[in-house]
Amino acid sequence: MVYADNAATTKMNRAAMEAMLPYMEGVWGNPSSLYAFGQKAREALESARSRIASCLGATPDGIYFTSGGSEADNQAILSAARNGAKKGKKHIISTAFEHHAVLHTLKKLEREGFEIELLEVHENGIVKPEQVAGAIREDTALVTVMYANNEVGSVQPISEIGAVCREKGVLFHTDAVQAAGHLPIDIQAQNIDMLSLSSHKFHGPKGIGVLYARKGIPLVNIIEGGAQERGKRGGTENVPAVMGMAAALEEACSHLEENTEKLLKMRAKLIDGLSKIPHSILNGDAESRLPGNVNFCFEGIEGESLLLLLDDKGICASSGSACTSGSLDPSHVLLAIGRPHEIAHGSLRLSLSEDNTEEDVEHIVKSVPEVVSYLRGISPLWKEKLAGKRDFLLPE
Ligand SMILES: *Cc1c(COP(=O)(O)O)cnc(C)c1O
């Protein structure tokens with residue numbers, strides 16, 4: 001099997017599994033218990049917090065453990081909104097191609113009377129800091145812009161956007177779920193006030209993540225309960241998962257350069273190979289993109305059919321279109337970068353990890369053109385285009 005869907009989830013690595021086992025077999029006490037056995041779990045949890053903080057250039061008192069990226073996004077945005085509303089600030093700036101964990105939270109706030117302004121992301125999928133500066137108002141409560149897009153892989157100028165927000169005194173949150181463990185993160189240097197990450201996107205366990213919130217930012221609870229996470233997130237801590245996440249993040253951050261180098265080579269080969277398919281287009285910026293991300297649109301095909309046929313060839317990939325997401329609309333991300341509906345339906349996302357090999361890349365580069373031309377061959381629409389009865393939307 002060639003697994004090329006690492007933006008959806010990654011395989012847990014040995015380091016993470018080995019870090020978890022002792023907290024299932026041995027130190028399985030409740031970190032809130034007062035006896036020494038519980039306190040051992042507490043110590044482990046706090047050491048993991050410090051290690052995660054140092055990977056991010058943050059202080060441990062800013063790290064809150066959550067159930068993952070979605071919860072962290074919800075808590076960051078709702079906290080900023082509630083705090084803003086108290087001061088009469090009900091304007092929030094974001095982008096049109098955020099993850100649904102962000103967009104649906106913003107929709108909820110819109111129904112409550114907040115004004116949500118979604119910035120355009122241009123054809124390359126990148127927001128300019130000037131756009132953010134131009135949109136900030138007296139009553140802006142929050143700017144939330146993702147670090148790297150999960151579909152088209154474009155990497156945003158986070159430090160610059162952070163600097164604009166800092167200068168204007170507006171809170172800045174970034175959904176860094178696709179970036180953590182894959183791109184350098186330095187919360188202090190990048191002017192980040194709040195950040196979300198998720199362990200299962202960097203070879204850690206699923207169902208655990210982090211919300212970072214700079215000291216002094218009051219958080220609103222999503223989960224009410226006990227005094228865990230300094231009273232900001234009720235529920236007995238998932239110590240094994242936290243230990244796995246800390247190990248996976250350290251592993252990823254300490255191998256960042258060599259992993260990036262390996263991924264960039266594979267990405268270049270994929271892009272080079274797939275660009276040769278006629279009437280195709282690369283989505284996202286060619287340079288400023290996640291090292292493992294490749295995303296193409298192929299005219300005249302349906303993403304789901306492409307995925308099913310690739311599955312037959314042992315390739316796990318993803319498409320931003322239709323049935324995969326349970327709706328008939330094409331990906332909001334591809335529409336946001338200006339792809340017409342018809343083109344957006346024929347998308348393919350390949351997301352590699354350092355576990356992929358040159359052979360995987362060769363298999364993909366051989367298989368995708370075969371599948372695309374087979375699907376075009378059985379498409380009545382494609383025949384009409386070839387016969388000149390319909391226009392091609394993408395150049396040869
Ligand atoms: C995966 C993902 C999330 C959600 O993270 P979970 O831990 O699965 O809840 C949020 N944002 C982005 C950009 C993602 O890729």
Side-chain angles (χ1 to χ4, degrees), residues 3-12 16 52 56 63-78 94-108 118 121 125-127 144-156 158 161 172-183 185 192 194-212 222-223 233 235 238 241-242 244-246 248-249 252 283-284 288-295 316-320 324-326 331-334 336-337 347 349-353:
Y3 185 78
D5 201 15
N6 288 277
T9 197
T10 57
K11 180 185 174 190
M12 219 200 288
I52 289 170
L56 303 173
I63 305 289
Y64 296 85
F65 297 126
T66 67
S67 66
S70 300
E71 186 187 325
D73 283 341
N74 274 256
Q75 193 168 13
I77 293 167
L78 290 175
S94 187
T95 76
F97 76 163
E98 297 294 313
H99 190 271
H100 283 132
V102 169
L103 285 180
H104 290 171
T105 305
L106 294 176
K107 267 267 167 277
K108 180 158 92 177
L118 300 181
V121 291
I126 294 181
V127 183
T144 173
V145 175
M146 69 200 316
Y147 196 137
N149 184 270
N150 47 305
E151 284 188 39
V152 297
S154 49
V155 176
Q156 308 302 318
I158 287 304
I161 295 173
F172 174 49
H173 166 253
T174 185
D175 173 340
V177 174
Q178 290 291 330
H182 306 281
L183 297 171
I185 295 183
I192 295 166
M194 291 192 280
L195 173 143
S196 312
L197 64 77
S198 175
S199 155
H200 75 102
K201 303 288 175 79
F202 51 80
H203 304 284
K206 295 174 188 30
I208 188 81
V210 162
L211 167 61
Y212 164 81
I222 303 286
I223 310 286
R233 207 281 180 181
N238 188 345
V242 168
M245 168 165 68
L249 189 61
N283 296 312
S288 184
R289 74 185 299 133
L290 285 166
N293 174 287
V294 173
N295 189 313
C316 305
S318 159
S319 167
T324 46
S325 55
S331 144
H332 70 287
V333 173
L334 296 174
I337 64 166
S347 74
R349 177 187 71 186
L350 299 157
S351 44
L352 303 177
S353 88

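Order of listing sets the numbers, starting from 1, for every ligand and every atom in it. Here the structure is a predicted model, which means the values were calculated and not measured.
- The only option from S331, S351, S347 that meets the side-chain hydrogen bond (donor to acceptor under 3.5 Å, both in side chains) definition with E151 turns out to be S331.
- Tested against F65 for a side-chain contact (heavy atoms from CB on, under 4.5 Å), the candidates N238, L211, V210 yield a single pass: V210.
- Residues forming a side chain to side chain contact (heavy atoms under 4.5 Å, CB included) with S198 (at least two apart in sequence, or on another chain): V177, H200, K201.
- Of all non-hydrogen atoms in D5 and A317, the two that sit nearest each other are OD2-O, 3.9 Å.
- Near ligand 1, residues G68, G69, S70, D73, H99, M146, N150, D175, V177, Q178, S198, H200, K201 each place a heavy atom inside the 4.0 Å sphere around the ligand atoms.
- L183 meets the side chain to side chain contact (heavy atoms under 4.5 Å, CB included) test with Y147, A148, V155, A179, L290, P291; sequence neighbours excluded.
- Residues satisfying the side chain to side chain contact (heavy atoms under 4.5 Å, CB included) criterion with K108, sequence neighbours excluded, are L78, R111, E112.
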